[in-house]
Amino acid sequence: MRHLPCAVVRNLYPAAVAGLLVLSPHPAGAAEDDAPKGPAVTVLKVAKSCFSDIVEATGTIIAREETSVRPERPGLKVTDVLAEAGDTTTAGQVLARLALPEGGTLQVTAPVAGVIATSTAQIGNFASAKGEALFTIVARSEYDLVGLVATTDVRKLAVNQQATVRIAGAGDISGKVRRIGPTVEPNIQQGMVYIGISSQKRLLLNASGRALIKTGQSCNVAVPLTAVQYSSAGTVVQVIRRNRVETKRVEVGLMSGGNIEVRDGLNEGDVVVARAGALLREGDPVRPVMASAEAAK
């Protein structure tokens with residue numbers, strides 16, 4: 001085998017190296033071009049969620065049915081008071097005793113079960129069939145929240161829809177739509193709705209309350225409210241594709257718990273900027289950071 005002179009080998013070596021660089025299918029700069037550039041932005045993957053369509057009604061608490069308790073005979077004197085306002089009663093329970101003119105006593109009993117709303121019974125006072133009631137009872141502990149609803153929402157209401165009634169000092173109580181008013185108050189353009197409540201708690205009559213009525217449900221993809229921008233161009237969300245910003249117009253719907261329903265414009269699995277801002281523009285390169293990973297830090 002012939003050996004080339006050393007001078008020839010030295011001349012061929014640079015050319016061979018150059019040839020290898022030309023034939024290489026992955027230039028060294030390609031990895032750098034694929035690397036994310038630009039500012040770091042928090043992103044998240046779009047997921048599906050269900051939203052309840054809630055109609056709000058504000059109003060006051062009333063007794064659905066009040067029963068007045070009086071003696072059948074006039075001129076009887078109260079000798080014993082065995083119940084007071086706020087007490088829960090059963091049907092037939094003795095509430096007071098009255099002295100008869102001819103001697104003996106008459107027992108005043110609750111005609112229905114419920115909660116005593118008011119009482120005027122005091123030892124030594126006189127009671128009669130036509131005078132002020134000794135007791136008034138909220139029959140069967142049933143109340144109504146009589147609330148006002150925006151006219152645009154009245155059409156969504158239906159009898160038996162579930163509601164959560166919030167009353168100061170009483171917490172949340174379950175209820176349902178019992179009746180919908182047939183007219184609208186002309187001065188305020190609001191309709192009336194009656195939300196039925198049954199509670200063993202003592203509810204203060206005429207107390208203010210708020211009802212959240214579930215009128216329907218919608219399931220779609222959802223994003224945080226912070227991901228949505230509103231402008232003259234419409235409602236948009238910033239999507240990240242191949243580490244660059246794309247602006248997508250969307251149609252939004254219901255809101256709940258800091259999220260908003262997206263009815264059109266996004267697909268499940270899309271990666272969106274969690275907190276969109278005017279500093280990011282169409283085509284800008286970014287370094288996406290998943291919200292879950294960031295929270296774990």
Side-chain angles (χ1 to χ4, degrees), residues 21 23-57 149-158 161-164 166 172 210-297:
L21 292 175
L23 293 174
S24 174
H26 299 291
E32 296 178 3
D33 292 340
D34 291 341
K37 299 177 181 178
V41 295
T42 302
V43 299
L44 52 86
K45 282 189 177 182
V46 174
K48 284 191 175 182
S49 184
C50 290
F51 293 80
S52 295
D53 192 356
I54 301 295
V55 169
E56 185 172 325
V149 176
T151 305
T152 53
D153 288 333
V154 171
R155 60 182 177 79
K156 298 180 182 179
L157 299 179
Q161 285 173 338
Q162 297 297 315
T164 299
R166 293 176 177 170
D172 289 359
R210 182 164 63 105
L212 304 176
I213 308 165
K214 184 177 179 179
T215 62
Q217 182 174 272
S218 180
C219 295
N220 269 306
V221 295
V223 297
L225 288 169
T226 53
V228 179
Q229 288 182 299
Y230 300 90
S231 65
S232 56
T235 307
V236 299
V237 171
Q238 292 172 326
V239 177
I240 304 301
R241 287 200 173 95
R242 294 182 292 277
N243 299 326
R244 291 188 179 273
V245 176
E246 292 184 12
T247 303
K248 302 281 289 184
R249 290 191 63 175
V250 295
E251 179 189 340
V252 295
L254 303 173
M255 292 183 287
S256 176
N259 292 326
I260 188 167
E261 172 193 15
V262 178
R263 293 176 175 170
D264 189 38
L266 291 180
N267 296 313
E268 187 176 7
D270 283 348
V271 177
V272 302
V273 178
R275 187 176 292 276
L279 295 178
L280 295 176
R281 299 180 181 277
E282 180 78 13
D284 282 354
V286 294
R287 289 181 293 118
V289 179
M290 278 293 172
S292 57
E294 185 182 58
K297 292 180 179 179

Quick check: closest heavy atoms across [X] and [Y], and the distance to 0.1 Å?
X	Y	value
Tyr230	Val252	OH-CG2, 4.4 Å
Arg249	Gly234	NH2-CA, 4.0 Å
Val46	Ala222	CG1-O, 3.9 Å
Pro288	Val43	CB-CG2, 3.9 Å
Arg244	Pro285	NH1-CD, 3.6 Å
Leu254	Arg263	CG-NH2, 4.0 Å

Inset, instruction - Please check if atom CZ in Arg242 has more than 12 non-hydrogen atoms from other residues, nucleotides or ligands closer than 6.0 Å. - result: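 No.
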Legend entry - Any residue meeting side chain to side chain donor-acceptor pair (under 3.5 Å) with Gln217, in chain and number order, not counting sequence neighbours: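 Checked Gln217 against side chain to side chain donor-acceptor pair (under 3.5 Å); zero matches.
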Rounded distance (nearest 0.5 Å) linking atom [atom1] of [X] with atom [atom2] of [Y]:
X	Y	atom1	atom2	result
Glu56	Leu212	CD	CG	5.5 Å
Lys214	Asp53	NZ	CG	10.0 Å
Thr164	Ile213	OG1	CD1	10.0 Å
Asn243	Asp284	CG	CG	12.5 Å

Legend entry - Ion pair Lys248/Glu246, N-O distance below 4.0 Å: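 Salt bridge flag = no for Glu246 with Lys248.
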Legend entry - Side-chain ion pair, Lys156 and Asp153, N-O less than 4.0 Å: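 Here Lys156 pairs with Asp153 in a salt bridge, since their nearest N and O are under 4.0 Å apart.
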Legend entry - Any donor-acceptor pair under 3.5 Å from Gln238 side chain to Ala276 backbone: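 Not confirmed, Gln238 side chain does not pair with Ala276 backbone.
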Inset, instruction - Return yes if some donor-acceptor pair links the side-chain N/O of Thr235 with the main-chain N/O of Val250 below 3.5 Å, else return no. - result: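 Absent.
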Contact between [X] and [Y] at the side-chain level, heavy atoms closer than 4.5 Å - yes or no?
X	Y	answer
Val245	Ile240	yes
Leu279	Pro39	no
Asn220	Val262	no
Arg275	Thr42	no

Legend entry - Trace of the side-chain contact (heavy atoms from CB on, under 4.5 Å) decision for Asn267 with Val221: CA-CA 7 Å; Asn267 296 313; Val221 295; over 6 Å; no
Inset, instruction - State which residue, out of Ile260, Val272, Val236, fulfils the side-chain contact (heavy atoms from CB on, under 4.5 Å) condition with Val228. - result: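 For Val228, the side-chain contact (heavy atoms from CB on, under 4.5 Å) test succeeds with only one of Ile260, Val272, Val236, which is Ile260.
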